[in-house]
Amino acid sequence: MFRLFSSNMAFFTHQIQRSFSSSVVRNVVIKNVTIIGGGQMGAGIAQVAASTGHSVTLVDMTDDILKKAMKGIQGSLRRVVKKKFSDDPESGDDFIQKVMQNVSTTTNPAAAVTTSDLVVEAIVENMKIKQDLFGFLDKMAPEHTIFASNTSSLPISDMASATSRPDRCGGLHFFNPVPMMKLVEVVATSSTSPETSESLLNFTKALGKTPVCCKDTPGFIVNRLLVPYMMEALRLHERGHGSKEDIDIAMKLGAGYPMGPFELSDYVGLDTIKFITDGWREKEPDNPLFAPSDLLNKLVAEGKLGKKSLEGFYKYNK
Ligand SMILES: C[C@H](O)CC(=O)SCCNC(=O)CCNC(=O)[C@H](O)C(C)(C)COP(=O)(O)OP(=O)(O)OC[C@H]1O[C@@H](n2cnc3c(N)ncnc32)[C@H](O)[C@@H]1OP(=O)(O)O
Ligand SMILES: NC(=O)c1ccc[n+]([C@@H]2O[C@H](COP(=O)([O-])OP(=O)(O)OC[C@H]3O[C@@H](n4cnc5c(N)ncnc54)[C@H](O)[C@@H]3O)[C@@H](O)[C@H]2O)c1
């Protein structure tokens with residue numbers, strides 16, 4: 001009798017746990033966010049999430065990188081409050097202080113995800129490294145945690161396949177500079193659950209951004225159009241058909257772009273542009289849109305990665 005009772009209890013407890021965990025999974029209200037990678041994108045995402053009241057943990061490989069990221073966030077916030085609190089600088093200072101208090105940093109990703117509702121990875125554009133990270137974090141994060149990638153070009157489904165939660169994986173593709181750019185591409189794979197997509201869409205709206213829904217196709221919407229354009233500008237220059245300065249002026253004044261293609265490539269990072277096109281070319285070697293550029297390869301080999309290394313197509317001051 002007791003055995004029957006206890007086995008029934010075990011059954012009911014199991015059912016309650018299942019329905020509880022599935023309802024948690026269904027309704028993820030994102031409050032605690034872990035961002036992995038404190039480079040230009042990760043720091044920007046952390047800033048925007050913290051500015052909108054989320055509790056953010058920023059993870060990178062060394063304390064020095066994290067210190068630099070926090071300094072960058074503070075600098076960017078100063079630019080934001082200069083506008084937002086132009087006639088009340090004291091409130092601006094308070095705002096910065098509150099936002100900075102919403103961000104903590106660590107070099108320990110396992111500890112960072114234990115209370116996380118959402119993990120956003122913004123590390124190097126390399127599938128193996130991203131898969132290793134997702135596979136590792138999958139074992140550490142709670143069941144309800146959603147994993148999102150900020151990848152520019154890699155299949156989200158391949159990253160999701162490294163986890164036991166493909167239904168809770170998706171893409172959140174932000175644009176550089178994150179505090180200024182209004183768009184976020186929300187990417188669903190064939191395994192992403194509608195509940196996960198909804199949570200991600202609600203999160204982007206809570207950040208004050210405008211989301212668009214994308215399929216898990218190379219470059220989603222923006223990069224599938226923008227990257228071939230930047231590469232064609234490079235090849236046009238390599239053919240001797242225009243100086244980089246003239247091409248930049250032409251696209252700004254003739255097409256209304258805020259930056260020319262060389263300025264924008266430097267801004268994005270030449271290593272990132274190369275990672276993107278090399279990856280696409282591997283899959284479609286004959287597609288002329290993904291043809292390589294000797295000049296891009298040379299600059300990256302020399303460590304001239306654009307604005308972040310103070311030299312790319314152009315030189316920059318610190
Ligand atoms: C490859 C990836 O996967 C996808 C991508 O991200 S592709 C890249 C997408 N990004 C773009 O296309 C960016 C194109 N460039 C731009 O929109 C603009 O040049 C820009 C917003 C970056 C800068 O604007 P611009 O007018 O040229 O320069 P600037 O005067 O310095 O800045 C304009 C305002 O933005 C603010 N701003 C610029 N960067 C900022 C930052 N990082 N943080 C906070 N504020 C910033 C400035 O404070 C300034 O404010 P103000 O109008 O009150 O003075
Ligand atoms: N640069 C852009 O304009 C842009 C725009 C949208 C998306 N993206 C994508 O965002 C991602 C990051 O790009 P970024 O420009 O910020 O690069 P970045 O080089 O500025 O920063 C990457 C950061 O990740 C850290 N990192 C690398 N491996 C790590 C690991 N295993 N654990 C913790 N930290 C790690 C690095 O130390 C570095 O600080 C890439 O996937 C890129 O394609 C870039």
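Just the heavy atoms: all of them, side chains too, but no hydrogens, waters or symmetry mates, feed the values below. Keep in mind that this is a model prediction, so the values were computed, not measured. In each ligand, atom 1 is the first atom listed, and ligand 1 is the first ligand listed.
Shown in contact with Val268 at under 4.0 Å from a heavy atom are these atoms of ligand 1, numbered in order with element: 1 (C), 7 (S), 8 (C). Close contacts of ligand 2 with Ser152, meaning ligand atoms under 4.0 Å from a residue heavy atom, involve 6 (C), 7 (C), 8 (N), 9 (C), 42 (C), 43 (O), 44 (C). Listed by number with element, the atoms of ligand 1 under 4.0 angstrom from any heavy atom of His173 are 2 (C), 3 (O), 4 (C). Against a heavy-atom cut-off of under 4.0 Å, Met259 is close to the following atoms of ligand 1: 14 (C), 15 (N), 19 (O), 22 (C). The contact set between ligand 1 and Leu226, taken as ligand atoms under 4.0 Å from a residue heavy atom, comprises 7 (S). Atoms of ligand 1 found under 4.0 Å from any heavy atom of Phe175 (numbered from 1 in listed order, with element): 4 (C), 5 (C), 6 (O). Per-residue contacts place Asn176 under 4.0 angstrom from the following atoms of ligand 1 (heavy atoms of the residue considered): 6 (O), 8 (C), 9 (C), 10 (N), 11 (C), 13 (C).
Ligand 1 has an N or O atom lying under 3.5 Å from an N or O atom of Lys83, backbone or side chain.
Ala122 O, 3.8 Å is the protein heavy atom nearest to atom 22 (C) of ligand 2. When only non-hydrogen protein atoms are considered, atom 20 (O) of ligand 2 lies nearest to Gln40 N, 3.1 Å. The single protein non-hydrogen atom nearest to atom 10 (O) of ligand 2 is Asn150 ND2, 3.0 Å, given as residue, atom name and distance. Remark: minimum distance from atom 6 (C) of ligand 2 to any protein heavy atom is reached at Phe174 O, 3.1 Å. Looking only at protein heavy atoms, the nearest one to atom 41 (O) of ligand 2 is Glu125 OE1, 2.5 Å. Ranking the protein heavy atoms by distance from atom 40 (C) of ligand 2 puts Ile123 O, 3.1 Å first. Nearest protein heavy-atom neighbour of atom 21 (O) of ligand 2: Gly39 CA, 3.2 Å. In this structure, the protein non-hydrogen atom closest to atom 17 (O) of ligand 2 is Lys308 NZ, 4.2 Å. If you check which protein heavy atom lies closest to atom 17 (O) of ligand 1, you get Pro258 CG, 3.6 Å.
If you check the side chains of Thr189 and Thr192, you find a donor sitting under 3.5 Å from an acceptor. Residues Glu125 and Thr272 have side chains that never bring a donor and an acceptor to within less than 3.5 angstrom of each other.
Within the 4.0 angstrom cut-off, atom 28 (O) of ligand 1 has no protein heavy-atom neighbours. Within a 4.0 Å radius of atom 25 (P) of ligand 1, the protein has no heavy atom.
Residues Tyr229 and Tyr257 bring their aromatic ring centres within 6.0 Å.
In this comparison of Asp132, Ile36, Val124, the heavy atom closest to atom 33 (C) of ligand 2 sits on Ile36. The residue among Glu185, Met41, His173 with a heavy atom at the shortest distance from atom 44 (C) of ligand 2 is Met41.
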What side-chain donor-acceptor pairs closer than 3.5 Å can you find for residues 93-104, not counting sequence neighbours?
from   : atom 1 : to    : atom 2 : distance (Å)
Asn102 : ND2    : Ala50 : O      : 3.0

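Contact annotation for Lys82 and ligand 1: no heavy atom of the residue comes within less than 4.0 Å of the ligand. With a 4.0 Å cut-off on non-hydrogen atoms, Asn223 touches ligand 1 through its side chain and not its backbone.
When the options Leu137, Thr114, Val119, Thr145 are evaluated for a side chain to side chain contact (heavy atoms under 4.5 Å, CB included) with Thr34, the one that passes is Val119.
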